Protein chains: 2
Amino acid sequence: MHTLEDFKTQVDLSRKAICEDLYASCRDQIQVKKKPTALRNLERIIDSTLELANRTGFQAMTLRDLSRHSGLSMGALYSYIGSKEELVRLIQEHGRHLSARVIYDCLEGVEGPAARMAAAIRAYVYLTHILQDWFYFSFMEARHLGREQMEAALQGDLRTEATFAGIISDGQRAGLFADVDPHLTAAAINAMLQDWYLKRWKYRRLEVTPDQYADHLINMTAAILAADMRASASPVGGGAAF
Amino acid sequence: MHTLEDFKTQVDLSRKAICEDLYASCRDQIQVKKKPTALRNLERIIDSTLELANRTGFQAMTLRDLSRHSGLSMGALYSYIGSKEELVRLIQEHGRHLSARVIYDCLEGVEGPAARMAAAIRAYVYLTHILQDWFYFSFMEARHLGREQMEAALQGDLRTEATFAGIISDGQRAGLFADVDPHLTAAAINAMLQDWYLKRWKYRRLEVTPDQYADHLINMTAAILAADMRASASPVGGGAAF
DNA sequence: GTCTATACAACGATAGAC
DNA sequence: GTCTATCGTTGTATAGAC
């Protein structure tokens, strides 16, 4: 799996497929029992929420806005969601599960630290590219969740980094990677990955494709982890590294 | 200037100094004319806004909350701010100006691409460390501004990256840096810098000091820009870079 | 210069007709 | 299963006493 097109053929991330998955996981909370109808309206609600909330924030989006944009009345809306707060929880939670599963699948069977690192980066770029609005929403609105849900979001981020840190540690033990700090380096990779969906406007303006971005990230990571460069993981002072 | 302590002695970023600066730039909009009183209350308002808004978002913070937390009544509040929306504009605008000035000062007189790169990274880490809450607020609440103000925020981000891209280009012309894409690499550095104030909890948990973070960032950047590694700026496929 | 009291709009949420 | 009408609450903002 080396391109976005490859990725798309292997993982179905259409809004329809995701909403079907989402419906299955919370059908007991939805009062509408006719599946095709429920599915269609749930998709509208999710779509509208992401679009409106990503424009000016979830708090700024009123349910009347959502009602108008989704084409459902206020009453109909409430036969799908329990409350406004539950809507944000639903989206976030499902996104985390989806993300974890996709990354896990993409790394399965890939052998060797270098290949695994490249595959993980590629998978994240493609995943977050296709679900840009979903990830942007999750990042920006994580604060509006309750304590236990926010802790879950935190853990999700840490697990992402743990994946990268683990690959780096493996590579170091195998003598393939430089002796940099695994956690700090993993955090840096994570930050660069998040930039892709947090600053969509910028990369659109630069006309950078997902494939180019993934390639560039892999190149930078390779440079950082190049074993022949530095011997020490401990910070050095004064920019002497140059 | 090679440590946070160095930085602190050269740049006064105490809340008091900043609010004094802020007061000077908008005293015509403040109805209270007694300077010491106005200064003290303005500082309370800014402090409370940053604390409350950074907890659950600016939209979620009500002016009643702000009134209670700052110790000022609703009426008193409105003799300092014109509206809730103007408050967010005030903070953002002033932060941008302050940031631009500090970075400019820190780079003045520094010669050579490598030293300039290190100095710029260091200045940003220290600046955003001291004004964590201010930068966190600016990033998260940029969406709540009007169109022209939001465009200004965008331009601020682009100018930051243009600074880094310029240094990279200079280094490439001098044959010191690898032939990577200046814009994409600058964007990556920017993303890693922003991670420092966007994920405070993580670096606090890892017990990473600002100096360590700056050093690590400089090391990574040095590795990415190391001239002897790669010859091509165009992306290569399939993780072959490793 | 700061306070309390209040105006008025808009919010999330629900009840009951269809 | 979806709608309209309406509830009670809470928001921003202001007026006028002190």
Side-chain angles (χ1 to χ4, degrees), chain A residues 19 23 26-49 52-53 55-91 141 143-146, chain B residues 19 23 26-49 52-53 55-91 141 143-146:
Chain A
C19 282
Y23 173 72
C26 65
R27 97 171 80 193
D28 49 338
Q29 291 169 43
I30 294 177
Q31 291 172 23
V32 177
K33 292 304 169 194
K34 242 164 71 185
K35 190 175 171 184
T37 308
L39 225 57
R40 175 172 45 87
N41 286 336
L42 187 63
E43 193 177 335
R44 280 190 193 174
I45 292 173
I46 300 291
D47 268 342
S48 297
T49 301
L52 293 175
R55 214 136 64 193
T56 48
F58 184 74
Q59 296 264 3
M61 176 196 79
T62 72
L63 292 183
R64 285 182 170 87
D65 289 339
L66 183 59
S67 162
R68 207 174 310 122
H69 193 274
S70 65
L72 292 165
S73 68
M74 287 289 288
L77 224 51
Y78 272 91
S79 48
Y80 290 92
I81 62 170
S83 69
K84 197 188 180 191
E85 204 179 330
E86 209 206 323
L87 178 59
V88 62
R89 190 197 56 76
L90 196 77
I91 295 178
E141 314 299 346
R143 290 183 293 172
H144 300 140
L145 300 166
Chain B
C19 283
Y23 173 72
C26 67
R27 97 172 79 193
D28 49 337
Q29 291 170 41
I30 294 177
Q31 291 172 23
V32 177
K33 292 304 169 194
K34 243 164 71 185
K35 189 174 171 184
T37 309
L39 225 57
R40 175 172 44 87
N41 285 337
L42 187 62
E43 193 178 334
R44 280 189 192 173
I45 292 173
I46 300 291
D47 268 343
S48 296
T49 301
L52 293 176
R55 213 135 65 195
T56 47
F58 183 74
Q59 297 263 6
M61 176 195 80
T62 72
L63 291 184
R64 286 187 170 97
D65 289 339
L66 183 58
S67 163
R68 209 175 308 122
H69 193 273
S70 66
L72 291 165
S73 68
M74 288 289 290
L77 222 52
Y78 271 90
S79 48
Y80 291 91
I81 62 169
S83 68
K84 197 190 180 190
E85 203 180 330
E86 209 206 324
L87 178 60
V88 63
R89 190 197 56 77
L90 197 78
I91 295 178
E141 314 300 346
R143 289 183 294 173
H144 301 139
L145 300 166

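Order of the sequence lines sets the chain letters (A, B, ...), proteins ahead of strands, with each chain counted from 1. These numbers come from the heavy atoms of this one structure, side chains and all, not from hydrogens, waters or symmetry mates. Quick caveat: nothing in here was measured; it's all calculated off a predicted structure.
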Quiz prompt | Partners meeting side chain to side chain contact (heavy atoms under 4.5 Å, CB included) with B:Tyr78 (sequence neighbours left out) | solution = B:Leu63, B:Met74
Quiz item: Considering all heavy atoms of both residues, which atom of A:Ser67 and which atom of A:Leu72 are nearest to each other, and what is their separation?
Solution: OG-O, 2.6 Å
Check nucleotides 3-10 of chain C for protein N or O atoms closer than 3.5 Å to its own N or O atoms and list the pairs.
unit_1 : atom_1 : unit_2  : atom_2 : d
C:dC3  : OP2    : B:Ser73 : N      : 2.9
C:dC3  : OP2    : B:Ser73 : OG     : 2.9

Quiz item: Rounded to whole angstroms, how far apart are CG on B:Leu77 and P on D:dA15?
Solution: 16 Å
Self-check item: Residues, nucleotides or ligands: over 12 heavy atoms within 6.0 Å of A:Lys34 NZ
Solution: no
Quiz item: How close or far is atom P of D:dG1 from atom CZ of A:Arg44, stated in whole angstroms?
Solution: 16 Å
Quiz item: Rounded to the nearest Å, what distance is computed from the NZ atom of residue A:Lys84 to the P atom of nucleotide D:dG11?
Solution: 13 Å
Quiz item: Roughly how many Å is it from CG in A:Leu66 to C1' in D:dT2, rounded to a whole number?
Solution: 16 Å
Practice problem: Identify, with sequence neighbours excluded, every residue that meets side chain to side chain contact (heavy atoms under 4.5 Å, CB included) alongside A:Leu90. | Solution: A:Leu22, A:Cys26
Practice problem: Starting from P on D:dG1, measure out to CG on A:Asn41 and report it in whole angstrom. | Solution: 11 Å
Quiz item: Does the side chain of A:Tyr78 get closer than 4.0 angstrom to OP1 or OP2 of C:dA13 through an N or O atom?
Solution: yes
Self-check item: Separation of atom CZ in B:Arg68 from atom P in C:dT2, rounded to whole Å
Solution: 19 Å
Practice problem: Rounded to the nearest angstrom, tell me the gap between atom CD in A:Gln59 and atom C1' in C:dG12. | Solution: 12 Å
Exercise. Would you list the pairs meeting salt bridge (Lys or Arg N to Asp or Glu O under 4.0 Å) in which at least one residue belongs to residues 77-89 of chain A, sequence neighbours left out?
Key: A:Glu86-A:Arg89, A:Arg89-A:Glu93
Quiz prompt | Set of salt bridge (Lys or Arg N to Asp or Glu O under 4.0 Å) partners for A:Arg64, sequence neighbours left out | solution = none
Exercise. Go through the structure and list residues passing salt bridge (Lys or Arg N to Asp or Glu O under 4.0 Å) with A:Arg68, not counting sequence neighbours.
Key: A:Asp65
Quiz item: Heavy-atom contacts under 4.0 Å between residues 31-39 of chain B and DNA chain C, which residues?
Solution: B:Val32, B:Lys33, B:Lys34, B:Thr37
Quiz item: In whole Å, what is the span from the CZ atom of A:Arg40 to the P atom of D:dT2?
Solution: 7 Å
Quiz item: With B:Asp47, which residues qualify under side chain to side chain contact (heavy atoms under 4.5 Å, CB included), at least two apart?
Solution: B:Arg15, B:Glu43
Practice problem: Report the residues that fulfil salt bridge (Lys or Arg N to Asp or Glu O under 4.0 Å) with A:Glu141, sequence neighbours left out, ordered by chain and then residue number. | Solution: B:Arg143
